[in-house]
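Presented below is the structure to which this report refers.
These numbers come from a predicted model, not from an experiment.
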Amino acid sequence: MCRFLPKLKTEHYVQACRKTAKTERDFYQSLSKLAEHYRIEPMPTKDFGFPYNIALAMWDVETQLRRSHVNWDSFHLIQDSRKTFFVSEERYNTGTTLYYIPVVPLFQMLKDPKRKKNAQLLISVCSYLYHIADIPYYRQEDSYLYWMYEMHKEWVEQNDETEDTEIYMREFGIAEHVGARIEQKLFNRINLTVFEQRLSQFESHSTFDQDCFRIACNAFALYSEYPTASIFRNAPIPDDDPYDGDYDNETIGMEKYISFIADTNGWLYESLSDSINNEFNEYGGVQEPTIRKSFDGSNIAESNLGFENRLFALLDDLCTLLYDYKKTRT
């Protein structure tokens, strides 16, 4: 009994080969542009058979980028009706940090004769963050924390009065009074005009002075190098990424975890932070500064997250300084 192999449909075979050849050609052209942009040297993989050559090249590039670029997050290999190309994503990882800048310690520093120069210097820093970096302020009605404060105040007012009610209402009063006073100062742009002068005239006599001066220098450098840059300049827009399914879930907006706040001590803050953490646990992700670059033959923007790296480090240092200052007074 004789059996014959099935007849090969030549035209389909030729089309498949052509399609594979074009995919490989597009892939290596895009890979070359990506490697040039990120200044890496991909391992030679063209001699491996398809699709193993592509899989190996992607593994190698991912390994190199994770090792050499602190903000590199991921890439997608996109294949549309015209070509195959890489889309790379760079992201600043905020983790689970709440970047809340307390103003009560700053208010106390202004009242401290020994720390008045420190306070004036930090007022310039915070004025930069308020006006230029666009950090939300908790006494502004369109801010996330404004409504959190209002909600907690209503809870206290509606609950039965206890021996602690007076303490709680006093904290709300301080938050509102100090918030208004400090915002008045930050709103005055003279603090930006005299920023450099305050730096040049500041004298360091202690570790605390040195920390204040270092933070102010870093803030002034950012102000000088990025005179209009907002912390939200690279905030992702939900549903704006056709390659990322994560945005199907609700995400925590950057304006919710970055803000000025009254204080990071006391009953009121503990109550606020509990509510905020409970709410955040319901979300599917966090919006973080993100840059996407397509290596499809179009011009590649030379944008990066250098500003964000420095600004978030500044916020960390400033929050720590103000928190530590408050602790020394209690």
- Message: Can you confirm whether more than 12 heavy atoms, excluding those of E225, are under 6.0 Å from its CD atom?
- Response: yes
- Does anything in residues 201-220 pair up under salt bridge (Lys or Arg N to Asp or Glu O under 4.0 Å), and if so which pairs, sequence neighbours excluded? R115-D209, D211-R214, R214-D317
- Query: Between CZ of R310 and CG of L222, what distance do you get to the nearest 0.5 Å?
  - Reply: 4.5 Å
- Query: Would a line drawn from the ring center of Y92 to the ring center of F312 be shorter than 6.0 Å?
  - Reply: yes
- Inspect the surroundings of CD in E196 and state if more than 12 heavy atoms from other residues, nucleotides or ligands are less than 6.0 Å away. no
- Query: Considering residues, nucleotides and ligands other than F48, do more than 12 of their heavy atoms fall under 6.0 Å from its CZ?
  - Reply: no
- Item | Verify same cluster id: Y146, L272 (apolar side-chain graph, 4.5 Å) | no
- Query: Are a donor atom and an acceptor atom from the side chains of S204 and Q210 found within less than 3.5 Å of each other?
  - Reply: no
- Message: Side chains of T290 and N234, heavy atoms from C-beta outward: is any pair under 4.5 Å?
- Response: no
- Sequence-distant partners of S298, side chain to side chain donor-acceptor pair (under 3.5 Å), two or more places apart: D296
- Task: Examine distances only and state if a side-chain atom of Y138 and a backbone atom of G179 form a donor-acceptor pair shorter than 3.5 Å.
- Result: yes
- From the list L122, T264, V103, side-chain contact (heavy atoms from CB on, under 4.5 Å) with L322 holds only for L122
- Would you confirm whether the ring centroid of F295 sits within less than 6.0 angstrom of the ring centroid of F85? no
- Query: Rounded to the nearest 0.5 Å, how far does CG of L121 lie from CZ of F220?
  - Reply: 11.0 Å
- Message: Closer than 3.5 angstrom, by distance alone: can the side chain of S271 be matched with the main-chain N or O of W267 as a donor-acceptor pair?
- Response: no
- 4.5 Å side-chain heavy-atom contact, S259 and I101: no
- Side chains of N309 and N71: do they bring a donor and an acceptor to under 3.5 Å? yes
- Message: If the condition is salt bridge (Lys or Arg N to Asp or Glu O under 4.0 Å), which residues does E176 pass it with, not counting sequence neighbours?
- Response: K153
- Taking only residues two or more places apart in sequence, or in another chain, which ones meet H37 in a side chain to side chain donor-acceptor pair (under 3.5 Å)? K293
- Message: Quick check for you: to the nearest 0.5 Å, what is the distance between L318 atom CG and Y323 atom OH?
- Response: 15.0 Å
- Matching residue for N191 among K185, R198, H131, Q120 - test: side-chain hydrogen bond (donor to acceptor under 3.5 Å, both in side chains): R198
- Message: Using ring centroids (six-membered ring only for Trp), state whether F260 and Y137 fall under 6.0 Å.
- Response: yes
- Scan side-chain atoms only and decide if Q79 and T23 contain a donor-acceptor pair under the 3.5 Å cut-off. yes
- Item | Inter- and intrachain pairs under side-chain hydrogen bond (donor to acceptor under 3.5 Å, both in side chains), touching residues 38-57, at least two apart | E24-N53, Y28-T45, Y38-S88, Y38-E90
- Task: Ignoring hydrogens and angles, state whether a donor on the side chain of E288 or Y257 is under 3.5 Å from an acceptor on the partner side chain.
- Result: no
- Can the ring centres of F27 and F86 be said to be less than 6.0 Å apart? yes
- Message: Please tell me whether W147 and Y100 are part of a single hydrophobic cluster in this structure, the criterion being side-chain heavy atoms less than 4.5 Å apart.
- Response: no
- Task: Decide if atom CZ of F280 counts as having more than 12 heavy atoms of other residues, nucleotides or ligands within a radius under 6.0 Å.
- Result: yes
- Query: Do we see a donor-acceptor contact under 3.5 Å between the side chains of Q108 and D112?
  - Reply: no
- Item | Non-neighbouring partners of E171 that pass side chain to side chain donor-acceptor pair (under 3.5 Å), sequence neighbours left out | none
- Can R181 and E183 be counted as an ion pair, charged N to O under 4.0 angstrom? no
